[in-house]
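Here the structure comes first, spelled out in structure tokens, and everything after it is commentary.
Every value quoted in this text rests on a predicted model; they were computed, and no experiment measured them.
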Amino acid sequence: MSIRENDHKDNTLHSVRIENRSSITLTGIDEVISYDEESVVMNSNMGQITLDGEGLNIVKLNLDEGEVCVNGKIGALYYMEQHKGTGLLSRLFG
């Protein structure tokens, strides 16, 4: 399931606040790509973010303001850079 806000501005401040590894609030979020009890995958103005844990539950989702709050046991937070490809297909179609 994907949740996206098309009108969200890229210049929104990105921040991450984790409280006792049981609650996390992120700002600067453009889209929630997928989520379940073990993982939440989001796009932000700083790249793709993956949140891993146990019993994860999105308790607040406000894409107008770019804010997502998740409760559960926080295990890890990963960022993936969005690289522009330099291969032949990227040059043809990118």
Point to revise | Value rounded to 0.5 Å, distance of CD in Q48 from CE in M80 | key: 6.0 Å
Review point. Has the side chain of N62 got a donor or acceptor atom that lies under 3.5 Å from a matching backbone atom of D64?
Key: yes
Revision key, fill the gap. Correct closest heavy-atom pair for S39 and L56 would be N-CD1, 3.7 Å
Point to revise | Flag, side chain of T25 to backbone of E67, donor-acceptor distance under 3.5 Å | key: no
**Study point:** Distance, nearest 0.5 Å, that separates CD1 of I29 from CD of E31
**Key:** 10.5 Å
Check your understanding: If you round to the nearest 0.5 Å, how far is CG of D30 from CE of M46?
Key -> 11.5 Å
Review point. Got a donor-acceptor contact below 3.5 angstrom from the R21 side chain to the I74 backbone?
Key: yes
Check your understanding: Cluster question for you: counting only ILVMFWY and a side-chain heavy-atom cut-off of under 4.5 Å, with indirect links fine, are V59 and V16 together?
Key -> no
Point to revise | From D36 atom CG to I58 atom CD1, the distance as rounded to the nearest 0.5 Å | key: 10.0 Å
Review point. Does anything in residues 59-79 pair up under ring pair (Phe, Tyr, Trp, His ring centres under 6.0 Å), and if so which pairs, sequence neighbours excluded?
Key: H14-Y79
Point to revise | Between CD1 on residue I49 and CG on residue L77, distance to nearest 0.5 Å | key: 6.0 Å
Review point. Is it true that I18 and M42 fall in one hydrophobic cluster, defined by side-chain heavy atoms closer than 4.5 Å?
Key: yes
